[in-house]
2 protein chains.
Amino acid sequence: MGIIRKTQSVALLLDEFNTNSGAISVTTLNKRLNSNLNKSTIYRVLDKLEDDGVLHSFLGDNGIKWYAKCEGCSHDNHKDIHPHFQCVVCGKVDCLNVDIVVPKIPNREINSTEILIKGKCETCLN
Amino acid sequence: MGIIRKTQSVALLLDEFNTNSGAISVTTLNKRLNSNLNKSTIYRVLDKLEDDGVLHSFLGDNGIKWYAKCEGCSHDNHKDIHPHFQCVVCGKVDCLNVDIVVPKIPNREINSTEILIKGKCETCLN
DNA sequence: ATTATTAATGCAACTAAGTTGCAAATATAA
DNA sequence: TTATATTTGCAACTTAGTTGCATTAATAAT
């Protein structure tokens with residue numbers, strides 16, 4: 001079940017994603033908002049926003065959860081399956097607007113695919 | 001730095017990978033071996049075996065670390081970059097012998113790519 | 001506008017994965 | 001057989017994430 005009431009917590013969290021491009025890790029959100037929001041609240045609201053198709057989540061480098069805004073997703077159709085890119089220098093993560101073809105695999109049914117590409121981002125290249 | 005001495009711990013852990021096909025999660029190894037080995041030892045030995053190119057590691061569904069035997073890797077050349085498949089029913093994880101083409105991305109340097117495919121495995125399909 | 005209802009929040013306590021420092025044990029070299 | 005240095009176990013710790021419950025605050029009903 002997703003978001004039902006428009007609360008301060010929801011507004012604060014959504015604001016983070018509206019004022020920043022790219023993905024944000026849960027640990028970063030906790031550090032940024034811990035004076036305003038309890039960590040349980042942060043986890044619960046993010047979970048609901050994902051349910052609603054507003055955010056999508058994925059695992060970054062150390063198994064830490066990241067969230068980013070969805071484009072064209074809904075509750076039962078998370079359709080922007082795209083790779084994520086994590087910079088090994090600055091740690092920043094972005095969604096990549098790239099298609100990667102995952103071949104069919106004999107005798108297996110594919111539900112979803114998570115692709116994490118690691119390397120150096122634009123700003124850290126030089 | 002990798003393995004230097006041939007200890008009981010190393011033998012016990014390697015045995016797990018020799019008698020089982022597929023990948024094994026750290027949590028499973030801890031459950032299986034906790035009467036023989038301390039968890040610190042398990043983490044440390046796995047780490048060294050990865051350094052030596054005997055095992056490779058990756059993150060499964062919930063950010064839990066999995067290990068599997070390498071084929072043709074060495075300390076400074078982990079060359080079997082392949083996708084991993086995790087069954088959403090039984091939780092089993094296998095290495096897939098499949099090539100997935102990751103396109104070059106403008107203004108970024110790609111170091112590595114982790115691909116986790118989720119779905120139903122052979123045995124859980126029916 | 002006031003009250004009633006129920007979702008959302010804060011809090012504290014908890015679980016589980018993973019790490020670390022240090023003393024004791026055990027491979028290997030001398 | 002002894003010396004040395006790696007490896008191990010242990011206990012204590014860190015951090016991500018979860019849960020139950022009482023309180024707070026949106027929303028609906030009056």
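Here is the naming used below: chain letters follow the sequence lines, and residue numbers restart at 1 for every chain.
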**Q.** Pair B:E16 + B:R32, salt bridge at N-O below 4.0 Å
**A.** yes
Q) How does protein reach along nucleotides 25-30 of chain D, written 5' to 3' as B (base within reach of a heavy atom under 4.0 Å), S (only sugar-phosphate), or - (no contact)? A) BBS---
Q | Given DNA chain C, 5'-ward residue of the pair B:R44 and A:N38, judged by closest heavy atom | A | A:N38
Q.
Whole angstroms only, please: what is the NZ-C1' distance between B:K65 and D:dT15?
A. 16 Å
Q. Hey, what bend do you get for the helix from C:dA1-D:dT30 to C:dA30-D:dT1 if you fit axes on five pairs at each end, rounded to 10°?
A. 30°
Q.
Tell me the interatomic distance from A:I42, atom CD1, to D:dT19, atom P, rounded to whole angstroms.
A. 17 Å
**Q.** Under-4.0 Å side-chain N/O to phosphate OP1/OP2 contact, B:S40 with D:dG9
**A.** no
Q: Calculate the interatomic distance between B:L33 atom CG and D:dT8 atom C1'; express it in whole Å.
A: 14 Å
**Q.** Whole-Å gap separating P (C:dG18) and CG (B:N34)
**A.** 15 Å
Q: Using atom CG of A:D47 as one end and atom P of D:dG17 as the other, report the distance to the nearest whole Å.
A: 11 Å
**Q.** A:H82 vs A:L96 side-chain heavy atoms within contact, under 4.5 Å
**A.** no
Q) Can you tell me if A:T19 uses its side chain to pair, donor with acceptor, with the backbone of A:D15 under 3.5 Å? A) yes
Q) Looking across every strand, which nucleic acid part, if any, lies under 4.0 Å from B:K31 by heavy atom: base, sugar-phosphate, or nothing? A) nothing
Q. For A:F58 and A:I115, what are the C-alpha separation, side-chain angles and deciding distance, and is it a side chain to side chain contact (heavy atoms under 4.5 Å, CB included)?
A. CA-CA 9 Å; A:F58 54 94; A:I115 302 177; over 6 Å; no
Q) If you look at every strand shown and take non-hydrogen atoms under 4.0 Å, does B:N36 touch a base, only sugar-phosphate, or nothing? A) sugar-phosphate
Q. A:T41 side chain: which of D:dT8, C:dC11, C:dT9 is closest?
A. C:dT9
Q. Does B:K39 make a side-chain donor-acceptor contact with the base of C:dG18, cut-off 3.5 Å?
A. yes
